[in-house]
**Student:** 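Dumping the structure here so I can ask a few things about it.
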Amino acid sequence: MPQTLSSSVLRSQCARILEAAGSTPAEAAQVADNLVLANLSGHDSHGVGMLPRYVDAVAEGGLVPNAAVKINTDIGTLLALDGQHGYGQIVGVQAMELGIARAKQHGSCIFTLANAHHLGRIGHFAEMATAKGLVSMHFVNVLSRPVVAPWGGGDGRFGTNPCCIGIPLAGAEPFLLDFATSRVAQGKMRVAHNKGERVPDGYLIDERGAPTNDPGVVVVPQANGLFGALMTFGEHKGYGMAMACELLGGALTGGGTWHRPADTARTVLNGMLTILIDPAKLGTQESFAQEATAFVEWLRQSPPGAGFDQVQIAGEPERAARVARERDGIWLDDATWGEIVAAGTKVGVAVAAA
């Protein structure tokens, strides 16, 4: 049956499963914290519903517990890093810590990260940067069964390839833009399918390339064994951004791009190009703070449009969701909770809601 769990209970249950799958207690706790934070932020697609896939990926050998980021190239403000198939929530943080330290030292840092297992919510890394006063830009590709169709195409050819931009704002919470280049995240279709929901027009095509409202076409094989595909946001514009993320996050990092038939592997590998800039060393800190604040205030003066209470900026809905879900608990549908219980069983852990 569906469950509503406190964040602390959910963290504990997930950490137990991750530890049983081979992680140290510290790694298990960090990954569990990251997954639950995604749920708290309203992004269930990147939350604890991913845990069963992680357990399967460890069993496959594509996800390596307790792996650490490896430095392949280091020329000060430019780093080439390898995640060595470790948990993205671990190696991604390690990569960001290296990049942030260099950006604070030199004023900027560009780094590539290849072969990280599922990095999760990319906004987490932008939050790390903005907390240190840095601007951050992230371009990410996905090596897994391709679930997004190219503009003008009729089947999946690449992943949801997210892009994220974080910008610190003086005296305020940061601007945090974090989006999949598909019209909607694959994980959100998993959640919708598990809930038995239909989705709006323009999100999906079925296994024959025809429009559909059934999220199951990208979650479970259809009658002919094929899958449908997600559509890119903004038609050809989102498609162009998705290509950029594949070329920058995949080809440039050395992690590789997707150009082979789909398989059933549960492993999800990401490559990420990250650019970090310290406004304090750029010489524009004062004007940057003033102009950014003025622009945000200008936006907020716009009268609310039909169906809206106010103008918001990227990052605000997630922060509001954290407050509400920390208070009210995190709701999990029956299918997602059942999959988590089954994942625990695979590694010898019995989980319960309380």
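Everything numeric here is computed off the predicted structure, so don't read it as measured data. FYI, the numbering just counts along the sequence from 1.
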**Student:** Taking the side chain from Q222 and the backbone from G216, do they hold a donor-acceptor pair closer than 3.5 Å?
**Tutor:** yes
**Student:** Are V58 and V349 connected in a single hydrophobic cluster, I mean Ile/Leu/Val/Met/Phe/Trp/Tyr linked by side-chain heavy atoms less than 4.5 Å apart?
**Tutor:**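 Yes, because V349 and V58 connect within a single hydrophobic cluster, where side-chain heavy atoms sit under 4.5 Å apart.
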**Student:** When the ring planes of Y54 and H117 are compared, do they come out parallel, tilted or perpendicular, using 30° and 60° as the limits?
**Tutor:**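 Ring orientation of Y54 relative to H117: perpendicular.
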**Student:** Given D44 and R325, is the salt bridge (Lys or Arg N to Asp or Glu O under 4.0 Å) satisfied, shown in steps?
**Tutor:** CA-CA 12 Å; D44 297 318; R325 291 190 173 193; 2.8 Å; yes
**Student:** With rounding to the nearest 0.5 Å, note down the distance linking CG in L78 to OG1 in T112.
**Tutor:** 7.0 Å
**Student:** Assess the residue pair H106 and T77 against the criterion (side chain to side chain donor-acceptor pair (under 3.5 Å)); give the C-alpha distance rounded to whole Å, side-chain angles, the decisive distance to 0.1 Å, and a yes or no.
**Tutor:** CA-CA 7 Å; H106 300 292; T77 57; over 6 Å; no
**Student:** Applying side chain to side chain donor-acceptor pair (under 3.5 Å) to S144 and R53, what does each step give before you reach the verdict?
**Tutor:** CA-CA 12 Å; S144 182; R53 185 158 190 168; 2.9 Å; yes
**Student:** Any donor and acceptor pair, going by atom type alone, linking the side chain of T253 with main-chain N or O of G250 inside 3.5 Å?
**Tutor:** yes
**Student:** So, the side chain of N66 versus the backbone of G22: is there a donor-acceptor pair under 3.5 Å, distance only?
**Tutor:** yes
**Student:** What distance separates E60 CD from H85 NE2, expressed to the nearest 0.5 Å?
**Tutor:** 11.5 Å
**Student:** Is R266 salt-bridged to D56, cutoff N-O under 4.0 Å?
**Tutor:**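 Yes.
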**Student:** Please say which of N194, L332, L51 ends up in a side-chain contact (heavy atoms from CB on, under 4.5 Å) with E339.
**Tutor:** N194
**Student:** Any carboxylate oxygen within less than 4.0 angstrom of a Lys/Arg side-chain nitrogen, looking at D278 and K104?
**Tutor:** yes
**Student:** Report the residues that fulfil side-chain hydrogen bond (donor to acceptor under 3.5 Å, both in side chains) with S108, sequence neighbours left out, ordered by chain and then residue number.
**Tutor:** none
**Student:** Which residues pass the side-chain hydrogen bond (donor to acceptor under 3.5 Å, both in side chains) test with R208, not counting sequence neighbours?
**Tutor:**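 Partners of R208 by the side-chain hydrogen bond (donor to acceptor under 3.5 Å, both in side chains) criterion, ordered by chain and then number, come out as D206.
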**Student:** Going by an N to O cut-off under 4.0 Å, is there a salt bridge joining R102 and D74?
**Tutor:** yes
**Student:** Verify side chain to side chain donor-acceptor pair (under 3.5 Å) between N270 and N141, making sure each step is shown before the conclusion.
**Tutor:** CA-CA 6 Å; N270 290 137; N141 85 316; 5.7 Å; no
**Student:** Q89 versus R121: any side-chain heavy-atom pair under 4.5 Å?
**Tutor:** no
**Student:** For residues C109 and A103, report the shortest heavy-atom separation together with the two atoms involved.
**Tutor:**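 Looks like CB-N, 3.9 Å.
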**Student:** Is the number of heavy atoms from other residues, nucleotides or ligands within 6.0 Å of NZ (K281) greater than 12?
**Tutor:** yes
**Student:** Measure the spacing between CH2 of W151 and OG1 of T232 and express it to the nearest 0.5 Å.
**Tutor:**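 Result: 7.0 Å between the selected atoms.
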**Student:** Find out whether N224 and E207 are in side-chain contact, i.e. whether some heavy atom of one side chain is under 4.5 Å from a heavy atom of the other.
**Tutor:**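 Sidechains of E207 and N224: in contact.
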**Student:** Evaluate whether atom CD of E286 has more than 12 neighbouring non-hydrogen atoms of other residues, nucleotides or ligands under 6.0 angstrom away.
**Tutor:**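 Open.
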**Student:** How would you list, by chain and number, every residue that makes a side-chain contact (heavy atoms from CB on, under 4.5 Å) with A149, sequence neighbours excluded?
**Tutor:** I205, A229
**Student:** May I ask you to decide if A126's main-chain N or O and T130's side chain share a donor-acceptor pair within less than 3.5 Å?
**Tutor:**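 Yes; at least one donor-acceptor contact below 3.5 Å.
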**Student:** Going from CD on Q285 to CZ on F288, what distance comes out if it is rounded to the nearest 0.5 angstrom?
**Tutor:**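 The CD atom of Q285 sits 7.0 Å away from the CZ atom of F288.
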**Student:** Thinking salt bridges, do R11 and D33 make one under a 4.0 Å N-O criterion?
**Tutor:**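 Yes, R11 and D33 are salt-bridged.
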**Student:** Test of understanding: with side-chain hydrogen bond (donor to acceptor under 3.5 Å, both in side chains), list the residues that count as partners of E19, not counting sequence neighbours.
**Tutor:** none
**Student:** Please name the pair of heavy atoms, one in G83 and one in A67, separated by the smallest distance, quoted to 0.1 Å.
**Tutor:** O-CB, 4.3 Å
**Student:** Compile the donor-acceptor pairs under 3.5 Å between side chains in residues 165-185 and protein atoms, sequence neighbours left out, one pair per line.
**Tutor:**
{"unit_1": "D178", "atom_1": "OD2", "unit_2": "G123", "atom_2": "N", "d": "2.8"}
{"unit_1": "T181", "atom_1": "OG1", "unit_2": "T160", "atom_2": "O", "d": "3.0"}
{"unit_1": "T181", "atom_1": "OG1", "unit_2": "N161", "atom_2": "O", "d": "2.9"}
{"unit_1": "S182", "atom_1": "OG", "unit_2": "V184", "atom_2": "O", "d": "2.6"}
{"unit_1": "R183", "atom_1": "NH1", "unit_2": "G202", "atom_2": "O", "d": "3.4"}

**Student:** Is there side-chain contact between E27 and L18, with heavy atoms separated by less than 4.5 Å?
**Tutor:** no
**Student:** Does any N or O in the side chain of E246 come within less than 3.5 Å of the main-chain N or O of W258, such that one atom is a donor and the other an acceptor?
**Tutor:** yes
**Student:** State whether the side chain of S302 and the backbone N or O of L299 hold a donor-acceptor pair below 3.5 Å, judged by distance alone.
**Tutor:** no
**Student:** Could you tell me which non-hydrogen atom of I17 sits nearest to which non-hydrogen atom of I340, and how far apart they are?
**Tutor:**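 For I17 and I340, the tightest heavy-atom pair comes out as CD1-O, 3.7 Å.
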**Student:** Verify the cluster assignment for L35 and V347: are they in a single hydrophobic cluster under the rule of side-chain heavy atoms below 4.5 Å apart?
**Tutor:** yes
**Student:** Does one hydrophobic cluster hold both L113 and F139, with members joined at side-chain heavy-atom distances below 4.5 Å?
**Tutor:**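 No, L113 does not connect to F139 through the hydrophobic network.
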**Student:** List the atom of P304, the atom of D309, and the distance in Å for their closest heavy-atom pair.
**Tutor:** CG-O, 3.2 Å
**Student:** Identify the heavy atoms of N39 and V48 that sit nearest to each other, and give their distance.
**Tutor:**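 Smallest interatomic distance, heavy atoms only, reads OD1-N, 2.8 Å.
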**Student:** Say whether I275 and L134 are linked into one hydrophobic cluster, either directly or through other cluster members, by side-chain heavy-atom distances under 4.5 angstrom.
**Tutor:**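 No; tracing contacts between hydrophobic side chains, which count when under 4.5 Å, never links both residues.
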**Student:** Quick check: is M50 connected to L63 through a chain of hydrophobic side chains (ILVMFWY, heavy atoms under 4.5 Å apart)?
**Tutor:**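 The answer is yes; both residues are in one hydrophobic cluster.
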**Student:** Hey, is the main chain of T264 close enough, under 3.5 Å, to the side chain of R145 for a donor-acceptor pair?
**Tutor:** no
**Student:** Roughly how far apart are M241 CE and H236 NE2, rounded to 0.5 Å?
**Tutor:** 12.5 Å
**Student:** When rounded to the nearest 0.5 angstrom, what distance separates OG in S41 from NE2 in H46?
**Tutor:** 11.5 Å
**Student:** Would you say M243 has more than 12 foreign heavy atoms packed within less than 6.0 Å of its CE?
**Tutor:**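 Open: at most 12 neighbouring heavy atoms sit under 6.0 Å from CE of M243.
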**Student:** Kindly indicate whether the side chain of M272, heavy atoms from C-beta on, has any atom under 4.5 Å from the side chain of F125.
**Tutor:** yes
**Student:** Go through it in stages, so that I can follow the logic: the residues are Q84 and V69, the test is side-chain contact (heavy atoms from CB on, under 4.5 Å), and I'd like the CA-CA distance, side-chain angles, deciding distance and then a yes or no.
**Tutor:** CA-CA 7 Å; Q84 303 192 100; V69 75; over 6 Å; no
**Student:** Show the nearest heavy-atom pair for residues V36 and S7, with the distance to one decimal.
**Tutor:**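 Between these two residues, the closest heavy atoms are CG1-CB, 3.8 Å.
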**Student:** Between E326 and L40 (side chain of the first, backbone of the second, donor and acceptor by atom type, cut-off under 3.5 Å), is there such a pair?
**Tutor:**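 No: the side chain of E326 does not pair with the backbone of L40.
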**Student:** Do I90 and Q30 touch side chain to side chain, with heavy atoms closer than 4.5 Å?
**Tutor:** yes
**Student:** Decide salt bridge (Lys or Arg N to Asp or Glu O under 4.0 Å) for E127 and R322; before the verdict, give the C-alpha distance in whole Å, the side-chain angles of both, and the deciding distance to 0.1 Å.
**Tutor:** CA-CA 14 Å; E127 286 170 345; R322 289 177 192 178; 2.7 Å; yes
**Student:** Got more than 12 heavy atoms from elsewhere within 6.0 Å of CZ, R157?
**Tutor:** no
**Student:** Just jot down the salt bridge (charged side-chain N to carboxylate O under 4.0 Å, His left out) partners of R300, sequence neighbours excluded, or say none.
**Tutor:**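 Expected list: E316.
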**Student:** Between W331 and D333 (side chain of the first, backbone of the second, donor and acceptor by atom type, cut-off under 3.5 Å), is there such a pair?
**Tutor:**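 A pair under 3.5 Å: no.
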**Student:** Between the main-chain N or O of V199 and the side-chain N or O of N213, is there a donor-acceptor pair closer than 3.5 Å?
**Tutor:**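 Yes, N213 side chain to V199 backbone: donor-acceptor pair under 3.5 Å.
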